[in-house]
Amino acid sequence: MKIYKLLSEEKRHARFSEWNVREIETLNKHLLITAKPIIYLINMSEKDYIRKKNKWLVKIKEWVDKNDPGASIIPFSGEYEMKLLDMPDDERAAYVEKSKVPSALGKIITTGYKALNLEYFFTCGKDEVKAWTITKGSKAPQAAGKIHTDFEKGFIMAEVQKYSDFRELGSEAEVKAAGKYRQQGRNYVVEDGDIIFFKFNAGAGLSDKKKK
(Lines give C-alpha, C1' and ligand atoms only; values in the text may rest on other atoms or scores of the structure.)
Protein backbone atom coordinates (compact mmCIF):
# COMPACT_ATOMS: atom_id res chain seq x y z
CA MET A 1 0.00 0.00 0.00
CA LYS A 2 1.28 3.46 -0.92
CA ILE A 3 0.86 5.03 2.52
CA TYR A 4 2.46 2.05 4.28
CA LYS A 5 5.52 2.22 2.04
CA LEU A 6 5.81 5.98 2.56
CA LEU A 7 5.61 5.83 6.36
CA SER A 8 7.26 2.50 7.20
CA GLU A 9 9.87 2.05 4.50
CA GLU A 10 10.71 5.55 3.31
CA LYS A 11 10.17 7.10 6.77
CA ARG A 12 8.53 10.15 5.21
CA HIS A 13 5.50 12.17 6.28
CA ALA A 14 2.22 11.71 4.44
CA ARG A 15 2.16 15.42 3.57
CA PHE A 16 5.32 15.06 1.49
CA SER A 17 3.67 12.86 -1.14
CA GLU A 18 1.25 13.57 -3.98
CA TRP A 19 -2.30 12.24 -3.51
CA ASN A 20 -5.31 12.22 -5.78
CA VAL A 21 -8.79 13.24 -4.59
CA ARG A 22 -9.89 9.66 -3.88
CA GLU A 23 -6.75 8.94 -1.87
CA ILE A 24 -7.17 12.14 0.13
CA GLU A 25 -10.75 11.20 1.04
CA THR A 26 -9.52 7.81 2.29
CA LEU A 27 -6.56 9.24 4.23
CA ASN A 28 -8.70 11.93 5.89
CA LYS A 29 -10.72 9.22 7.62
CA HIS A 30 -7.60 8.14 9.51
CA LEU A 31 -6.56 11.61 10.76
CA LEU A 32 -2.87 10.91 10.19
CA ILE A 33 -0.60 13.15 12.28
CA THR A 34 2.02 13.22 9.52
CA ALA A 35 -0.55 14.65 7.10
CA LYS A 36 -0.81 17.80 9.22
CA PRO A 37 1.29 20.91 8.59
CA ILE A 38 4.02 21.54 11.15
CA ILE A 39 5.22 24.73 12.80
CA TYR A 40 8.47 24.41 14.74
CA LEU A 41 8.36 26.33 18.03
CA ILE A 42 11.75 26.70 19.69
CA ASN A 43 11.42 27.36 23.41
CA MET A 44 14.33 29.39 24.75
CA SER A 45 15.30 30.91 28.06
CA GLU A 46 14.18 34.50 28.57
CA LYS A 47 17.78 35.65 28.41
CA ASP A 48 18.43 33.91 25.07
CA TYR A 49 15.12 35.10 23.63
CA ILE A 50 15.80 38.74 24.49
CA ARG A 51 19.34 38.66 23.10
CA LYS A 52 18.14 36.55 20.13
CA LYS A 53 20.93 34.04 20.48
CA ASN A 54 21.06 30.35 21.33
CA LYS A 55 23.66 27.71 20.48
CA TRP A 56 21.00 25.34 19.11
CA LEU A 57 19.14 27.73 16.79
CA VAL A 58 21.43 27.32 13.77
CA LYS A 59 21.52 23.52 14.10
CA ILE A 60 17.73 23.32 14.42
CA LYS A 61 17.24 25.53 11.38
CA GLU A 62 19.67 23.40 9.36
CA TRP A 63 17.73 20.25 10.31
CA VAL A 64 14.35 21.79 9.45
CA ASP A 65 15.64 23.15 6.12
CA LYS A 66 16.90 19.69 5.22
CA ASN A 67 13.95 17.62 6.45
CA ASP A 68 11.02 20.02 6.04
CA PRO A 69 11.95 22.74 3.51
CA GLY A 70 9.88 25.90 3.79
CA ALA A 71 8.45 25.08 7.22
CA SER A 72 7.94 27.92 9.71
CA ILE A 73 10.32 28.22 12.65
CA ILE A 74 9.32 30.49 15.55
CA PRO A 75 11.67 31.06 18.49
CA PHE A 76 9.86 32.02 21.70
CA SER A 77 10.30 31.90 25.45
CA GLY A 78 7.67 30.28 27.66
CA GLU A 79 9.36 31.92 30.63
CA TYR A 80 9.06 35.37 29.04
CA GLU A 81 5.44 34.81 27.96
CA MET A 82 4.36 33.65 31.43
CA LYS A 83 6.00 36.69 32.99
CA LEU A 84 4.10 39.00 30.62
CA LEU A 85 0.85 37.15 31.23
CA ASP A 86 1.03 37.78 34.97
CA MET A 87 1.68 41.52 34.61
CA PRO A 88 -0.88 44.36 34.55
CA ASP A 89 -1.23 46.01 31.11
CA ASP A 90 0.86 49.09 31.89
CA GLU A 91 3.62 47.06 33.53
CA ARG A 92 3.63 44.61 30.62
CA ALA A 93 3.99 47.39 28.07
CA ALA A 94 6.88 48.92 30.00
CA TYR A 95 8.64 45.55 30.32
CA VAL A 96 8.31 44.83 26.58
CA GLU A 97 9.65 48.29 25.75
CA LYS A 98 12.58 47.77 28.10
CA SER A 99 13.33 44.31 26.72
CA LYS A 100 12.91 45.51 23.10
CA VAL A 101 11.36 42.13 22.28
CA PRO A 102 7.61 41.63 21.70
CA SER A 103 5.54 38.64 22.74
CA ALA A 104 5.65 35.82 20.18
CA LEU A 105 2.08 34.67 20.88
CA GLY A 106 0.53 36.80 18.14
CA LYS A 107 2.93 35.41 15.56
CA ILE A 108 2.35 31.84 16.76
CA ILE A 109 -1.43 32.22 16.48
CA THR A 110 -1.30 33.94 13.08
CA THR A 111 1.10 31.36 11.67
CA GLY A 112 -1.02 28.53 13.07
CA TYR A 113 -4.17 29.88 11.43
CA LYS A 114 -2.36 30.23 8.11
CA ALA A 115 -0.95 26.69 8.28
CA LEU A 116 -4.43 25.27 8.95
CA ASN A 117 -6.01 27.41 6.21
CA LEU A 118 -8.15 29.24 8.76
CA GLU A 119 -9.20 32.85 9.20
CA TYR A 120 -11.63 34.76 11.38
CA PHE A 121 -14.32 37.40 11.16
CA PHE A 122 -15.84 39.64 13.83
CA THR A 123 -19.38 40.29 14.99
CA CYS A 124 -20.07 43.29 17.22
CA GLY A 125 -22.82 44.20 19.64
CA LYS A 126 -23.28 46.99 22.17
CA ASP A 127 -21.60 45.02 24.93
CA GLU A 128 -19.28 42.54 23.21
CA VAL A 129 -17.11 41.73 20.21
CA LYS A 130 -16.65 38.11 19.12
CA ALA A 131 -14.22 36.50 16.70
CA TRP A 132 -15.39 33.44 14.74
CA THR A 133 -13.02 30.95 13.10
CA ILE A 134 -13.80 29.71 9.60
CA THR A 135 -12.01 27.91 6.79
CA LYS A 136 -10.42 30.28 4.30
CA GLY A 137 -12.62 30.61 1.22
CA SER A 138 -15.90 30.25 3.15
CA LYS A 139 -18.83 32.18 1.72
CA ALA A 140 -21.04 34.48 3.76
CA PRO A 141 -23.88 31.96 4.47
CA GLN A 142 -21.38 29.36 5.76
CA ALA A 143 -19.75 31.98 7.97
CA ALA A 144 -23.18 32.93 9.31
CA GLY A 145 -23.77 29.25 10.09
CA LYS A 146 -20.85 29.33 12.52
CA ILE A 147 -22.94 31.60 14.72
CA HIS A 148 -26.17 29.60 14.37
CA THR A 149 -27.48 27.17 11.77
CA ASP A 150 -30.62 29.31 11.35
CA PHE A 151 -28.40 32.19 10.21
CA GLU A 152 -27.19 30.06 7.30
CA LYS A 153 -30.60 28.62 6.42
CA GLY A 154 -32.32 32.01 6.42
CA PHE A 155 -29.41 34.07 5.10
CA ILE A 156 -30.45 37.31 3.38
CA MET A 157 -27.30 39.40 3.24
CA ALA A 158 -24.10 40.34 5.03
CA GLU A 159 -23.23 43.93 5.83
CA VAL A 160 -19.45 44.08 5.77
CA GLN A 161 -16.75 46.50 6.79
CA LYS A 162 -13.02 45.83 6.83
CA TYR A 163 -11.24 45.95 10.16
CA SER A 164 -8.47 48.03 8.57
CA ASP A 165 -11.04 50.62 7.46
CA PHE A 166 -12.74 50.64 10.87
CA ARG A 167 -9.41 51.11 12.63
CA GLU A 168 -8.31 53.89 10.28
CA LEU A 169 -11.62 55.80 10.29
CA GLY A 170 -12.57 55.18 13.92
CA SER A 171 -16.26 54.25 13.75
CA GLU A 172 -18.92 52.46 11.74
CA ALA A 173 -20.51 55.80 10.89
CA GLU A 174 -17.25 57.05 9.38
CA VAL A 175 -16.80 53.82 7.43
CA LYS A 176 -20.29 54.29 5.96
CA ALA A 177 -19.59 57.94 5.20
CA ALA A 178 -16.46 56.90 3.29
CA GLY A 179 -18.49 54.46 1.21
CA LYS A 180 -16.64 51.44 2.55
CA TYR A 181 -19.57 49.72 4.26
CA ARG A 182 -20.83 47.06 1.82
CA GLN A 183 -23.89 44.87 1.46
CA GLN A 184 -22.86 41.42 0.22
CA GLY A 185 -24.89 38.44 -1.01
CA ARG A 186 -24.55 34.70 -0.57
CA ASN A 187 -21.64 34.41 -3.02
CA TYR A 188 -19.43 36.79 -1.06
CA VAL A 189 -16.21 35.12 0.08
CA VAL A 190 -15.44 36.26 3.62
CA GLU A 191 -12.02 37.82 4.08
CA ASP A 192 -9.79 37.62 7.12
CA GLY A 193 -10.73 40.30 9.65
CA ASP A 194 -14.10 41.24 8.16
CA ILE A 195 -16.57 42.83 10.58
CA ILE A 196 -19.98 41.45 9.62
CA PHE A 197 -23.62 42.10 10.50
CA PHE A 198 -25.81 39.29 9.15
CA LYS A 199 -29.44 39.72 8.13
CA PHE A 200 -31.52 36.57 7.96
CA ASN A 201 -35.10 35.30 7.83
CA ALA A 202 -35.79 34.17 11.39
CA GLY A 203 -38.38 31.60 10.29
CA ALA A 204 -36.35 29.97 7.53
CA GLY A 205 -34.81 27.32 9.77
CA LEU A 206 -38.06 26.28 11.42
CA SER A 207 -40.18 23.29 10.49
CA ASP A 208 -43.90 23.79 9.68
CA LYS A 209 -44.79 22.40 13.11
CA LYS A 210 -42.55 24.89 14.91
CA LYS A 211 -43.85 27.81 12.81
CA LYS A 212 -47.38 27.06 14.02
Side-chain angles (χ1 to χ4, degrees), residues 1-46 48-49 52-82 84-85 101-123 130-153 155 186-194 196 205:
M1 209 177 154
K2 182 178 176 181
I3 186 64
Y4 177 82
K5 181 179 180 182
L6 183 75
L7 299 177
S8 299
E9 297 179 14
E10 299 179 15
K11 306 297 182 183
R12 296 173 61 217
H13 290 190
R15 61 198 174 92
F16 292 147
S17 186
E18 296 292 331
W19 308 97
N20 61 41
V21 175
R22 188 172 181 180
E23 289 172 331
I24 291 173
E25 290 177 352
T26 300
L27 291 175
N28 282 345
K29 296 176 183 178
H30 300 283
L31 302 175
L32 299 175
I33 290 294
T34 64
K36 308 295 183 183
I38 293 178
I39 300 169
Y40 296 86
L41 303 181
I42 305 174
N43 192 10
M44 305 160 64
S45 68
E46 181 179 1
D48 283 355
Y49 180 66
K52 300 179 182 178
K53 290 184 179 180
N54 180 282
K55 65 179 181 179
W56 301 109
L57 276 178
V58 174
K59 293 181 179 180
I60 292 173
K61 187 178 186 310
E62 289 175 350
W63 184 92
V64 173
D65 287 345
K66 178 181 178 181
N67 294 278
D68 196 355
S72 297
I73 303 173
I74 304 178
F76 79 107
S77 171
E79 179 185 0
Y80 182 72
E81 299 297 345
M82 286 301 297
L84 294 180
L85 188 64
V101 179
S103 165
L105 289 184
K107 185 176 182 179
I108 292 172
I109 293 170
T110 301
T111 305
Y113 264 63
K114 184 177 179 180
L116 294 171
N117 201 34
L118 299 174
E119 61 185 19
Y120 54 85
F121 68 92
F122 299 105
T123 55
K130 295 193 69 172
W132 305 85
T133 300
I134 55 174
T135 302
K136 192 172 183 178
S138 296
K139 293 185 177 180
Q142 288 71 54
K146 285 291 182 179
I147 302 173
H148 196 287
T149 54
D150 285 353
F151 279 38
E152 181 175 0
K153 293 174 182 177
F155 178 86
R186 60 178 57 254
N187 289 323
Y188 175 70
V189 177
V190 177
E191 296 182 5
D192 193 36
D194 278 351
I196 306 178

Could you go step by step and tell me if Glu23 and Thr26 meet the side chain to side chain contact (heavy atoms under 4.5 Å, CB included) rule? CA-CA 5 Å; Glu23 289 172 331; Thr26 300; 5.7 Å; no

Show the numbers, then the answer: is there a side chain to side chain contact (heavy atoms under 4.5 Å, CB included) between Phe122 and Asp194? CA-CA 6 Å; Phe122 299 105; Asp194 278 351; over 6 Å; no

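- Minimum interatomic distance between Ala144 and Phe155 (heavy atoms only, all atoms of both residues): CB-CD1, 4.4 Å.
- Counting only heavy atoms from C-beta outward, the side chains of Leu85 and Met82 approach each other to under 4.5 Å.
- Considering all non-hydrogen atoms of both residues, Ser17 and Leu6 come closest at CB-CD2, 3.9 Å.
- For the side chain to side chain donor-acceptor pair (under 3.5 Å) test, residues two or more places apart in sequence or in another chain that qualify with Thr123 are Trp132.
- Here Thr149 contributes atom OG1 and Glu152 contributes atom CD; the two are 8.0 Å apart, rounded to the nearest 0.5 Å.
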Check the pair Leu118, Thr135 against side chain to side chain contact (heavy atoms under 4.5 Å, CB included), reporting the backbone distance first and the verdict last. CA-CA 5 Å; Leu118 299 174; Thr135 302; 4.3 Å; yes

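- Phe121 and Ala143 make their closest contact through CZ-O, 3.4 Å (heavy atoms, listed as atom of the first residue, atom of the second, distance).
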Identify each donor-acceptor pair in which a side-chain atom of residues 53-62 lies under 3.5 Å from a protein atom, sequence neighbours left out, and give them as a table.
{"from": "Asn54", "atom 1": "OD1", "to": "Trp56", "atom 2": "N", "distance (Å)": "2.7"}
{"from": "Asn54", "atom 1": "ND2", "to": "Asp48", "atom 2": "OD2", "distance (Å)": "2.9"}
{"from": "Lys61", "atom 1": "NZ", "to": "Asp65", "atom 2": "OD2", "distance (Å)": "2.8"}

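- Note that CG of Asn20 and CD of Glu25 are 9.0 Å apart. Values are rounded to the nearest 0.5 Å.
- Here the side chain of Glu46 pairs no donor or acceptor atom with the backbone of Glu79 at under 3.5 angstrom.
- For His13 (side chain) and Arg15 (main-chain N/O), no donor-acceptor pair under 3.5 Å exists by modelled atom type.
- For residues 103-122, the set of pairs meeting the side chain to side chain donor-acceptor pair (under 3.5 Å) definition, not counting sequence neighbours, comprises Glu81-Ser103, Tyr113-Thr133.
- The side chain to side chain donor-acceptor pair (under 3.5 Å) contacts involving residues 1-12 comprise Glu10-Arg12, where partners must be two or more places apart or lie in separate chains.
- Of all non-hydrogen atoms in Tyr49 and Pro75, the two that sit nearest each other are CE1-O, 3.6 Å.
- For Tyr188, there are no ring pair (Phe, Tyr, Trp, His ring centres under 6.0 Å) partners, not counting sequence neighbours.
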Enumerate donor-acceptor pairs with a distance under 3.5 Å from any side-chain N or O in residues 27-42 to protein atoms, sequence neighbours excluded.
{"from": "Asn28", "atom 1": "ND2", "to": "Ile24", "atom 2": "O", "distance (Å)": "3.3"}
{"from": "Thr34", "atom 1": "OG1", "to": "Ala14", "atom 2": "N", "distance (Å)": "3.2"}
{"from": "Tyr40", "atom 1": "OH", "to": "Asp68", "atom 2": "OD2", "distance (Å)": "3.0"}

